[in-house]
K.L.:
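Take this structure first; my questions come after.
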Amino acid sequence: MRPMAPFIRDQWYVAAFGEELAAVPLGRTICGESIALFRRGDGAVAALQDRCSHRWYPLSLGRIVGDALQCGYHGARFDGAGRCVLIPGQESIPASFDIRSYPTHERDGVIFVWLGDAARADPTVIPDWRLNAAPDWATVRGIHRMPANYQLVLDNLLDLTHVAFVHKNLGGPGVTDNPLQFSTDGDTVHTFRMMRDVELPGLFKALGKSGRFDRWQKQTVRAPSYVYFEAGAEPVGSNNPPADPHHVVIQGVTPETETSTHYFWSVARHFAVEDEATSKAMRDISSDAFDEDVAVLAAQQRSIDSDGANRPLGAFVCDAAGTAVRRVLARKLAEENSRTPIVATDR
Ligand code: FES
Ligand SMILES: [Fe+2]
C-alpha cells in the first residue's frame with residue numbers, strides 16, 4: 001500500500017468526549033496504539049495501554065474497581081499510572097507487570113491524551129474547546145470515523161471549495177469564486193474567505209436566515225489535531241470587518257490508523273441557546289454533512305490505495321492553505337524525529 005502521512009505523537013489529541021466515559025472502560029485506537037480509557041473512582045480520567053501484561057487480554061474489556069482497572073480475564077488490576085496493584089492469588093507483584101500509561105487531561109467536556117514523550121505534555125497548549133462550556137452558548141456534538149489518513153481529512157477541511165459539490169445543505173454560491181486568504185503563524189495556519197452579496201446555504205436557511213448576505217468563513221488550524229471554524233453572515237454592506245460568528249465548528253482530528261481518523265466535532269451557537277428545535281436542526285445538518293465527507297474520503301482513500309506507482313496528488317490554487325498545513329506537519333515531524341533517539345540494531 002502507498003505510504004501515508006506518519007503519525008505525530010507529541011500532541012494533545014482528543015481521545016473522547018467526557019460523556020463517553022462512565023461506568024465502563026472505553027477502548028480506542030489512536031495513532032495505531034490501542035488505549036483503554038477509564039474514569040477512576042474519584043472521577044479523574046486515566047489512559048493505559050489496552051493490553052494486560054499477563055496474557056495480553058484487552059483491558060478495555062475489563063471493569064473499573066475503585067481507582068483501578070481490572071482485567072476481564074484473570075483479574076489483575078492496574079492503577080491509573082499503569083502500576084500492577086493486584087494479581088489474584090499472588091503476593092509479590094513484580095514491576096515488570098506494570099504497563100504504559102498516557103498523560104490525560106479533561107477540559108470543557110473533552111478528554112485529551114498525549115501520545116508522545118510524557119515530559120513534553122504541557123497542558124497550557126491544549127486546544128481551545130471553551131465554547132463547549134460557555135454559559136451563553138449552546139453546542140451539539142458528535143464523532144465521525146473518517147476512513148482516510150488524517151492528512152486527507154485535513155486537506156478536506158482546508159479546501160472548502162468541496163462544500164459546493166459535496167454538501168447539499170452547506171453549499172452555496174460564493175465559496176468557489178472568492179479567494180481564500182491565509183497566513184502561517186508558527187505552527188498555526190489562519191484562513192479567511194469573504195463572500196459579498198450572496199445567497200445563504202441551506203444551513204442558514206434552516207435556522208431562519210434567508211436573502212442576500214455578506215458571508216465569511218474563518219479557520220484557525222493547529223495541525224495535525226485541531227481546526228476551529230467560524231462562519232458569519234450579516235446583511236449586505238454591514239459586514240466589514242466581520243461581526244461575531246453565526247456559528248463555530250470546533251474539530252478534533254485524531255488519527256486512528258494509517259487509513260482512518262476519528263473526527264470529533266462540536267457546533268456552537270450563541271442564539272436560540274435554549275431552543276431544542278434549533279439544536280436538532282444543527283445536529284442533523286452537521287451530521288449529514290460529515291456523512292457526506294465520510295463517503296468522499298473513503299472513495300478517495302480507496303483510489304489512492306489502488307495506485308501502485310505512488311505518484312503525488314494534484315494541487316489546485318484552492319489547495320494553497322492545505323499545502324501550508326502540510327508544511328507545518330513536515331516541520332513538526334522533522335522536529336519529532338530529531339528528538340527520537342536512534343536505537344542501534346543488534347547485529
Ligand atoms: S490476561 Fe489479564 S490477568 Fe490474565
Ligand atoms: Fe466537508
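Atoms considered below: every heavy atom in the structure, side chains included; atoms not considered: hydrogens, waters and symmetry mates. This chain uses plain numbering: 1 for the first residue, then up along the sequence. Read the numbers this way: they start at 1 and go in the same order the structure lists the ligands and their atoms.
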K.L.:
Would you give me the side-chain donor-acceptor pairs under 3.5 Å for residues 285-292, sequence neighbours excluded?
P.N.:
unit_1, atom_1, unit_2, atom_2, d
Ser286, OG, Met282, O, 2.6
Asp291, OD1, His144, NE2, 2.8
Glu292, OE1, His167, ND1, 2.8
Glu292, OE2, Lys168, NZ, 3.3

K.L.:
Report the hydrophobic cluster partners of Val166, with the cluster defined as I, L, V, M, F, W, Y residues connected by side-chain heavy atoms closer than 4.5 angstrom, directly or transitively.
P.N.:
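Besides Val166, the cluster holds Val296.
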K.L.:
Any idea how many protein N, O or S atoms are nearer than 2.8 Å to the Fe ion (ligand 2)?
P.N.:
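Protein N, O or S neighbours of the Fe ion (ligand 2) under 2.8 Å, waters not counted, come to 4.
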K.L.:
Among Glu256, Glu20, Glu33, which residue satisfies the salt bridge (Lys or Arg N to Asp or Glu O under 4.0 Å) criterion with Arg28?
P.N.:
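Answer to the salt bridge (Lys or Arg N to Asp or Glu O under 4.0 Å) test with Arg28 among Glu256, Glu20, Glu33: Glu20.
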K.L.:
Using every non-hydrogen atom in the two residues, find where Arg269 and Ser279 come nearest and quote the distance to one decimal.
P.N.:
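The pair with the smallest heavy-atom distance is NH2-OG, 3.0 Å.
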K.L.:
Distance under 6.0 Å and angle within 45° of the ring axis: does Arg141 meet both against Phe17?
P.N.:
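Pair Arg141/Phe17 counts as cation-pi.
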K.L.:
Determine whether a donor-acceptor pair (N or O, by modelled atom type, separation under 3.5 Å) exists between the side chain of Arg145 and the backbone of Ser260.
P.N.:
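Between the backbone of Ser260 and the side chain of Arg145 there is no qualifying donor-acceptor contact (under 3.5 Å).
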K.L.:
Can you tell me if Ser306 and Ser303 form a side-chain donor-acceptor pair at under 3.5 Å?
P.N.:
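Result is no, nothing qualifies.
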K.L.:
For atom 2 (Fe) of ligand 1, report each protein N, O or S atom nearer than 2.8 Å, sorted by chain and then by residue number.
P.N.:
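Listed by chain and number, the nearby protein N, O or S atoms are Cys52 SG, Cys71 SG.
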K.L.:
Can you list the steps and then say if Tyr228 with Gln251 is a side chain to side chain donor-acceptor pair (under 3.5 Å)?
P.N.:
CA-CA 6 Å; Tyr228 190 89; Gln251 297 150 100; over 6 Å; no
K.L.:
Give the ring-plane orientation class for His270 versus Trp137, where under 30° counts as parallel, over 60° as perpendicular and anything between as tilted.
P.N.:
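The arrangement is parallel - the two ring planes meet at less than 30°.
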